[in-house]
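A quick write-up on the structure given underneath.
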Protein chains: 2
Amino acid sequence: MSKQGQRVILSLRQMIVNGDLAAGERLREESLAERLGVSRTPIRVALKLLAQEGLLQTVGARGYAVRQISTEEIRNAVDVRGVLEGMAARLLAEVGLTESVRDTLKQCLDQGDQLFSRGAIDEGDVVTFHDLNMTFHNTIIDNCGNGAVKSAIMLNDHIPFASVHSIAIDSSAMDREYLRLTFANVQHHLVYDALINRQGTRAESLMREHANAALRYAEIFGVGNGDRGSVKILRSDLTAD
Amino acid sequence: MSKQGQRVILSLRQMIVNGDLAAGERLREESLAERLGVSRTPIRVALKLLAQEGLLQTVGARGYAVRQISTEEIRNAVDVRGVLEGMAARLLAEVGLTESVRDTLKQCLDQGDQLFSRGAIDEGDVVTFHDLNMTFHNTIIDNCGNGAVKSAIMLNDHIPFASVHSIAIDSSAMDREYLRLTFANVQHHLVYDALINRQGTRAESLMREHANAALRYAEIFGVGNGDRGSVKILRSDLTAD
DNA sequence: CTTTACATTTTTGAATCCAATAACCTATAT
DNA sequence: ATATAGGTTATTGGATTCAAAAATGTAAAG
């Protein structure tokens, strides 16, 4: 896969993710080729790969549109991620933490604690916690010793909003966001405790539940109901290499 | 995707699965195009898709070889499948069985019982049980109400031998095969019992353990150590549409 | 008004050619 | 013997063209 080929895939992914290509929108090789300033050939390759990746759906006998994903599909994918991340935590508890893994996780916890230590948060804090959250999750997944789990999580993460990479920030409900995120931070503590104590089943259950922190907890804590202007979706997935 | 395009992908998959294209073998567009009697274009598409599917690995800066898969990778994938199939069983127990799902599962059980009722089995019986096993598993997965689970299982199944679709038959150890398969059939009964009694956690645990029936149980029961001529690998996956 | 048939347009798929790049080989210098 | 440089070959990637197939539009019939 050449540089240009990869750039085309990345660009199309980005356009899908940031809404330049809207859900349900019909994609035509020729217009995309014009838009990206290349011939149809790399577009055709990219469309097939993105379709296989799950970002596109076929239209009629041939051709693609940006895949429309229902709320139910997102929830289903979040559940699958919970189960897989739970498995990763269990495996890590079983094999035990190296010094360096332990340090990384501990650092996430400490920085999370510090973030919440003043009793309130702003948008920047949400983003910071989001990064810590990603590091915490990825450290567990990357060190659990089972590459098939990581693959399965990555493939499942192609459902937008199901992954740990997405956050929504509702600036009109920061007090409730504070509550939600401090709870999630405590969950991290509990997972860590289970890990260092080699409690695989406990780690699995905790981590499985923790997958609900983004969507379900947002609902439960009444986050994300602010007007359009106060809700920001940040996406850092799918556009990475 | 045209008929020819799909045929090319299927053919290449088949050749990978049945060993015509050996693990580690370098694949060249031109020679494959000649071999399949098409131009390079559909081969190029197919290679990229099969690579994304996990069947091929990249070689150097470009080009592909048939992916070499270690025993550990297979084991890891079996574990992931166990966790995902366990999840499917739990979900099905939670939503409950329709009449028709119940009938299908019961039928598998009855036919399994009948198969083992004479106290010994032959190769044909192994194949028959294999089909029943597949139907049992697929019925649970297809009716668990979470499409993301099914997707994750299908994607994980691209690791050869990790899926429920593969069986090995060691004709030199049919008494031990009998033992292994009757045990697996009892496991089916227990899963069914958990399902109809809405016992989600039980169903999940049973189904998770059951994923080990093919590989680990074969080891434990000393199956598959016969000489080359007495071990047949049957594959019904990856060549289906 | 609906359905069917036919013609036209649009879009994708395949083939072919050319370009780019990586891999390999050989010769030379250290 | 090893490393480097240069040349050649092999292979993939992109562009273009032509073909095939699907989608769309229009007219006619019921």
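So that the names make sense, note that chain A is the first sequence line, chain B the second, and so on, each numbered from 1. Computed from a predicted model, the values in this text were never measured in an experiment.
By the salt bridge (charged side-chain N to carboxylate O under 4.0 Å, His left out) test, R216(A) is found to be paired with D79(A), residues two or more places apart in sequence or in another chain being considered. Not counting sequence neighbours, the partners of A148(B) by the side-chain contact (heavy atoms from CB on, under 4.5 Å) test are N76(A), A77(A), V80(A), N156(A), N146(B). Shown here are the salt bridge (charged side-chain N to carboxylate O under 4.0 Å, His left out) partners of E25(A), two or more places apart in sequence or in another chain: there are none. Partners of Y217(B) by ring pair (Phe, Tyr, Trp, His ring centres under 6.0 Å), not counting sequence neighbours, listed by chain and number: F183(B). With sequence neighbours excluded, the residues satisfying side chain to side chain donor-acceptor pair (under 3.5 Å) with R75(B) are E219(B). In terms of the salt bridge (charged side-chain N to carboxylate O under 4.0 Å, His left out) criterion, residue partners of D142(A) (sequence neighbours excluded) are, by chain and number, K150(A).
In this structure, CD1 of I43(B) is placed 15 Å from P of dT11(D), rounded to the nearest angstrom. Distance L27(B) CG to dT11(D) C1': 13 Å, rounded to the nearest Å.
The aromatic rings of H210(B) and H188(B) stand perpendicular to each other, their planes meeting at an angle above 60°, with 30° marking the opposite boundary.
The C1' atoms of five pairs define one axis at each end of the helix from dC1(C)-dG30(D) to dT30(C)-dA1(D), and these two axes lie 30° apart (to 10°).
Backbone-only contact: K48(B) has heavy atoms under 4.0 Å from sugar-phosphate atoms and none from a base. At a threshold of 4.0 angstrom between heavy atoms, the contacts of L47(A) with the nucleic acid are absent.
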The contact string for nucleotides 16-25 of chain D, one letter per nucleotide 5' to 3', using protein heavy atoms under 4.0 Å with B, S and - for base, sugar-phosphate only and none, comes out as BB---BSS--

Quick one: side chains of residues 33-51 of chain B, donor-acceptor pairs under 3.5 Å with protein atoms, not counting sequence neighbours, listed by atom name and distance.
from   : atom 1 : to     : atom 2 : distance (Å)
S39(B) : OG     : T41(B) : N      : 3.3
R40(B) : NE     : E29(B) : OE1    : 2.8
R40(B) : NH2    : E29(B) : OE1    : 2.9

What pairs of donor and acceptor atoms, side-chain ones from residues 88-104 of chain B against any protein atom, are under 3.5 angstrom apart with sequence neighbours left out?
from    : atom 1 : to      : atom 2 : distance (Å)
R90(B)  : NE     : E204(B) : OE1    : 3.1
T98(B)  : OG1    : V101(B) : N      : 3.1
T104(B) : OG1    : S100(B) : O      : 2.9

Pairs under 3.5 angstrom only: tabulate donor-acceptor contacts from the side chains of residues 61-68 of chain A to other protein residues two or more places apart or in another chain.
from   : atom 1 : to     : atom 2 : distance (Å)
R67(A) : NH1    : G54(A) : O      : 3.0
R67(A) : NH2    : E73(A) : OE2    : 2.6

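With a cutoff of under 4.0 Å to any heavy atom of chain B, the contacted region of DNA chain C is bounded 5' to 3' by dG13(C) to dA23(C).
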